Amino acid sequence: MKFGRWIAAGLLGLLASFGPAVSLVQAETLRVMRGETSSVLTVPMNRAVVVESDAIFAELSVANPGIADIATLSDRTIYVLGKAPGRTTLTLLGGDGRLITNVEVQVVPDIAEFKERLQQIMPDENIEVRTANDGIVLSGTVSSITRLDRAIALAQRYAPDRVSNLLSVGGTQQVMLKVRFAEMERSVAKNLNASLGITNGTVSDGVVAGSGAIGRGTDIGGIGAPSGAFQGLSNRSGGISFGIGNNSVQVNILLEALEGRGVVRTLAEPNLVALSGQQASFLAGSEYPVPVADGNGGITVEYKPVGANLSFTPRVLDDGVINLELNAEVTSVDTTAQTGSSGGLNVFTFSNRSTATTVQLRDGQSFAIAGLLEDNFRNASSQVPWLGDIPVLGALFRSSSYSREQSELVIVITAHLVSPTTGEAISLPTDRVRPPSEQDFFLFGQMVDTNQSGPVGEVARQDFDSPYGYVLE
């Protein structure tokens, strides 16, 4: 009995010592069935496809049921339903457990319906539709940006956030915008002043001195005024003075009538070219220093751009219609209105004309997008009490002023569809003007070379009062 126990114990120890080796032998007997995919099965999303196997299968499975769902119709027929875009693997096993085949199932967006809708909405556009992985790829050429946006928006309905846009826009898609700022200012000012002075004393620096002196009117003087109460005051145009009396008593009368007229013409014409859908900006001018407090009791200088500033975003729509988002501004320094000085710099105000709008127009058409008409009227009258109310003679004791300012501004835009050309076909303003030789300049006083032939020479022979370069009147 003991001998049998020793034999059993020895066998158990032997099995324990060779345990890992036995497990390794069992692991090596495990065989992985590596079957390459025999074909690719494309299934539209939310649609079913029925496939048939050449061999009878006993079992089938799908790797990701969330992408595709399967069901058996017979021992050779399979029902495959596409549920979500993506790829998965369908495996078929035979009755003996051996692998028959692996089928790659690719669920794609339903582009058949998408193609039908695209053809119905835009039948004249050359758009190709393909699938890539779980998305839609659009390629080809469309006639406008609007058509491109419509095609992409429709594709997003079938493959949200999975649309690859390879479309190109044909035709002319570059827009040149011409903006004209035209402003006219007219001002009229009239003044009628009268002053009367009586004195029996002395006159010093234009101020009436002495007892019994009366007078009216300040800061006015006369041209050729006789010795008397109005001498020493600054000369002014439009004034007449006369006086009567002797060395002891003198009466002086000054009448001043002034009239001023002024006309100002302002014109700015910035032009700019931009691609459809892209913003372009343009600034022609300079920068003006503006003193600004820095918070520490000191003064710093900031520079404000002045001149013509233009920015716009064009979009070419169907049938040559151009949509424009426009910002236009003309800024200038108004030296007539000074607010003070700081840090040795004079502080002036700025005159600004700006507009921001969105319009639609065709090639070559114009819009007056902004207009402003200002009419300012001011008058003032001052007089000596009671004396100024006397008919006719009361004008000698009364001063009146009248002023009127009118301003009219119009902003006009014109859009053109343009295409590039060769560099030789573009002329520059400097092409028509050449420096003269030393002989022509010093001996004949010619400012430009007039020996050129053809239209260039004809323009060069004009004086500088005539149009030059691109300036045409």
Side-chain angles (χ1 to χ4, degrees), residues 24-142 147-148 150-168:
L24 182 60
V25 173
Q26 291 177 351
E28 289 179 351
T29 61
L30 181 62
R31 182 166 55 89
V32 178
M33 301 174 62
R34 301 181 181 275
E36 299 295 336
T37 55
S38 59
S39 60
V40 177
L41 176 62
T42 302
V43 182
M45 188 174 61
N46 298 326
R47 293 199 177 187
V49 175
V50 177
V51 294
E52 186 176 4
S53 173
D54 294 338
I56 299 175
F57 60 86
E59 296 182 11
L60 73 161
S61 61
V62 64
N64 189 349
I67 296 178
D69 195 6
I70 58 174
T72 57
L73 300 179
S74 67
D75 56 358
R76 292 177 180 269
T77 309
I78 308 171
Y79 179 87
V80 182
L81 173 64
K83 299 176 64 176
R87 293 187 178 186
T88 187
T89 304
L90 174 63
T91 303
L92 281 72
L93 300 177
D96 54 357
R98 302 188 62 179
L99 176 65
I100 298 177
T101 185
N102 283 328
V103 179
E104 180 180 338
V105 179
Q106 181 179 2
V107 179
V108 298
D110 187 8
I111 62 173
E113 182 182 357
F114 172 57
K115 288 181 178 180
E116 294 177 2
R117 299 293 179 266
L118 196 62
Q119 184 65 24
Q120 293 173 358
I121 297 174
M122 292 177 284
D124 300 330
E125 300 296 336
N126 183 22
I127 301 178
E128 298 180 1
V129 182
R130 298 183 179 88
T131 60
N133 197 2
D134 58 347
I136 295 177
V137 178
L138 302 179
S139 60
T141 304
V142 292
R147 296 295 182 91
L148 184 145
R150 291 176 182 175
I152 295 177
L154 184 60
Q156 292 286 353
R157 302 288 296 178
Y158 293 88
D161 300 326
R162 298 189 305 275
V163 179
S164 299
N165 177 25
L166 302 181
L167 292 171
S168 59

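What you see is a predicted model; the values in this text were computed from it and never measured. Below, each value reflects all heavy atoms present in this structure, side chains not excepted, and no hydrogens, waters or symmetry copies.
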Checking Ser168 side chain against Gly140 main chain: does a donor-acceptor pair fall under 3.5 Å? yes
Between the CG atom in Leu118 and the OH atom in Tyr158, the distance rounded to the nearest 0.5 Å is 9.5 Å
Just how far is it from atom CD1 of Ile152 to atom CZ of Arg147, taken to the nearest 0.5 Å? 14.0 Å
Apply side chain to side chain contact (heavy atoms under 4.5 Å, CB included) to the pair Leu90 and Asn102, showing each step before the final yes or no. CA-CA 6 Å; Leu90 174 63; Asn102 283 328; over 6 Å; no
Mind checking the CZ-CG spacing from Arg87 to Asn64? Nearest 0.5 Å is all I need. 14.0 Å
List the atom of Val105, the atom of Ala68, and the distance in Å for their closest heavy-atom pair. CG1-CB, 4.0 Å
Would you say the side chain of Leu93 lies within less than 4.5 Å of the side chain of Leu99, judging by non-hydrogen atoms? yes
Separation between CD (Glu125) and CG (Leu138), nearest 0.5 Å, reads 12.0 Å
Can Ile78 and Leu73 be said to form a side chain to side chain contact (heavy atoms under 4.5 Å, CB included), step by step? CA-CA 6 Å; Ile78 308 171; Leu73 300 179; over 6 Å; no
Heavy-atom closest pair, residues Leu81 and Val43: C-CG1, 4.4 Å
Would you compute the distance between atom OG1 of Thr131 and atom CE of Met45 and round it to the nearest 0.5 angstrom? 12.0 Å
Grab the two heavy atoms, one from Val62 and one from Ile70, that are nearest each other, plus how far apart they are. N-CD1, 3.9 Å
Tell me every residue that passes side-chain contact (heavy atoms from CB on, under 4.5 Å) with Arg157, counting only those two or more places apart in sequence or in another chain. none
Taking all atoms of both residues into account, what is the closest heavy-atom pair of Ala63 and Thr88, and its distance? CB-OG1, 3.4 Å
What is the minimum heavy-atom distance between Gln156 and Asp161, and which atoms define it? OE1-N, 2.7 Å
Under-4.0 Å salt bridge between Lys115 and Glu113: no
At their closest point, which heavy atom of Ala159 faces which heavy atom of Pro109, and how far apart are they? CB-CG, 4.1 Å
Keeping to residues at least two apart or across chains, list the side chain to side chain donor-acceptor pair (under 3.5 Å) pairs with something in residues 44-61. Arg47-Asp110
Would you sort out whether Arg76 and Ile56 count as a side chain to side chain contact (heavy atoms under 4.5 Å, CB included), showing the intermediate values? CA-CA 5 Å; Arg76 292 177 180 269; Ile56 299 175; 3.6 Å; yes
Checking Thr141 against Asn126 for the side-chain hydrogen bond (donor to acceptor under 3.5 Å, both in side chains) test, could you report, in this order, the C-alpha distance in whole Å, the side-chain angles of both residues, the deciding distance, and whether it holds? CA-CA 6 Å; Thr141 304; Asn126 183 22; 5.5 Å; no
Contact check, side chains of Thr89 and Val103, non-hydrogen atoms, under 4.5 Å: no
Using the test salt bridge (charged side-chain N to carboxylate O under 4.0 Å, His left out), find all partners of Arg150 that sit at least two apart in sequence or belong to another chain. Asp318
Side chain to side chain contact (heavy atoms under 4.5 Å, CB included) between Leu154 and Arg117, worked out: CA-CA 8 Å; Leu154 184 60; Arg117 299 293 179 266; 4.1 Å; yes
Approximate separation, where rounding is to 0.5 Å, of Lys83 NZ and Asp69 CG: 5.0 Å
Counting C-beta onward and ignoring hydrogens, is there a side-chain heavy-atom pair between Phe114 and Val129 closer than 4.5 Å? yes
